[in-house]
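Side-chain atoms are counted along with the backbone in the values below, which use heavy atoms only and exclude waters and symmetry mates. If you're wondering where the values come from, they're calculated on a predicted model, not measured in any experiment.
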Amino acid sequence: CSLSVTDINLNSPNKGLLSDAMTDVPVDSAASARTSAPEGLTLAEEEELRSELAKVEEEIGTLRQVLAAKERHCGELKRKLGLTPLDGLKQNLSKSWHDVQVSNAYVKTSEKLGEWNDKVTQSDFYKKTQETLSQAGQKTSAALSNVGSVISRKLGDMSSYSIRHSISMPAMRNSATFKSFEDRVGTIKSRVVGSRENSTDGLHSPSGAGDKPPQDNAPF
């Protein structure tokens, strides 16, 4: 008796009877686990390969257990040495970078970049650009050097003038001409001060006021 999808009604009250009926059907576990042999293999060869697969899987499980134990032991050693996970990351990055540098792709890329660099540096355009930049740099250096020389010369002239001025002032004051000029200035100053004093005395003197006759202010 065969059943189709239309014969199964999930809302039917007899929906549990299907599973109960299926449990009564005998099932050959060995037959269901064993698939048909691949084409070109005999049953003996298939059994041998299955046995070898089971051994390899067992060895893989053993190796995983050993690896886990080794990793735990490695972690304990690092902890005792004071190594942090960051140190391990640095070591891994260094090793990875070393592996990249020795790889064929990196070596070939470096060679290509070296060839391109040689071609660019040997081209006429690169040479002309380099010469232009070199000339511009030389002109700029010469202009800056000239400006520095002018500034240094101006500063030197100002300092020499200041030194000459400070040296010449005492000598000029001690010269006969300067002393004669000072004497003349002093004489003129004394004369001016003396004349002012005489005029002031004449204005405030009572005798001078009595000598003058009184003016007649009578009206006509």
Side-chain angles (χ1 to χ4, degrees), residues 3-6 8 10 15-16 18-19 22-23 25-152:
L3 295 175
S4 63
V5 177
T6 56
I8 300 174
L10 296 178
K15 61 181 179 180
L18 180 61
S19 60
M22 292 180 66
T23 56
V25 178
V27 178
D28 188 0
S29 59
S32 61
R34 183 176 65 249
T35 58
S36 60
E39 186 177 356
L41 291 178
T42 62
L43 293 177
E45 292 175 347
E46 181 184 358
E47 291 296 334
E48 183 179 0
L49 292 176
R50 290 184 180 278
S51 176
E52 185 177 358
L53 176 61
K55 291 180 181 180
V56 171
E57 290 178 346
E58 184 179 359
E59 290 176 355
I60 290 174
T62 304
L63 291 175
R64 286 177 177 173
Q65 295 177 359
V66 172
L67 179 60
K70 292 291 184 180
E71 288 179 349
R72 287 195 297 270
H73 184 58
C74 180
E76 293 177 357
L77 294 176
K78 288 182 178 180
R79 181 177 55 80
K80 291 179 180 179
L81 291 173
L83 298 176
T84 61
L86 182 60
D87 296 330
L89 179 61
K90 291 180 180 178
Q91 292 179 358
N92 293 333
L93 290 176
S94 299
K95 185 178 181 301
S96 301
W97 177 241
H98 176 71
D99 295 340
V100 170
Q101 287 179 330
V102 298
S103 63
N104 293 328
Y106 182 85
V107 173
K108 291 181 180 179
T109 304
S110 299
E111 292 176 354
K112 286 292 183 182
L113 291 176
E115 293 177 359
W116 291 344
N117 186 31
D118 294 337
K119 291 180 181 179
V120 170
T121 53
Q122 295 299 326
S123 63
D124 295 336
F125 177 76
Y126 179 83
K127 291 180 179 179
K128 290 180 180 179
T129 304
Q130 190 175 15
E131 291 176 357
T132 303
L133 293 175
S134 178
Q135 293 176 0
Q138 292 176 359
K139 292 180 180 179
T140 304
S141 299
L144 293 176
S145 178
N146 292 332
V147 171
S149 299
V150 172
I151 294 174
S152 300

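- Sorted by first and then second residue, the pairs that involve residues 84-104 and meet salt bridge (charged side-chain N to carboxylate O under 4.0 Å, His left out), not counting sequence neighbours, are K95-D99.
- Under a 4.0 Å N-O distance rule, the pair E46/R50 qualifies as a salt bridge.
- Screening L113, T109, V107 for a side-chain contact (heavy atoms from CB on, under 4.5 Å) involving E111 leaves a single residue, V107.
- The local environment of CD in E58 is sparse, with at most 12 non-hydrogen atoms from other residues, nucleotides or ligands closer than 6.0 Å.
- Note that CD of E47 is 11.5 Å distant from CG of L41, once rounded to the nearest 0.5 Å.
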Return all side-chain donor-acceptor pairs below 3.5 angstrom for residues 128-136, not counting sequence neighbours, or 'none' if the list is empty.
from : atom 1 : to   : atom 2 : distance (Å)
T129 : OG1    : F125 : O      : 2.8
T132 : OG1    : K128 : O      : 2.9

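- Across Q122 and K127, no two heavy atoms sit closer than the pair O-CE, 3.8 Å.
- A 4.5 Å side-chain heavy-atom check between V150 and N146 finds every atom pair outside the cut-off.
- With rounding to the nearest 0.5 angstrom, the OG atom of S96 is 11.5 Å from the CD atom of Q91.
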Margin query: Could you walk me through whether K70 and H73 satisfy the side chain to side chain contact (heavy atoms under 4.5 Å, CB included) test, starting with their C-alpha distance in whole Å, then the side-chain angles of each, then the deciding distance to 0.1 Å, before giving a yes or no?
Written below: CA-CA 5 Å; K70 292 291 184 180; H73 184 58; 5.6 Å; no
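- Rounded to the nearest 0.5 angstrom, S123 OG and D118 CG are separated by 11.0 Å.
- Around atom CD of E45, more than 12 heavy atoms belonging to other residues, nucleotides or ligands sit under 6.0 Å away.
- Distance CG/L93 to CG/L89: 4.5 Å, rounded to 0.5 Å.
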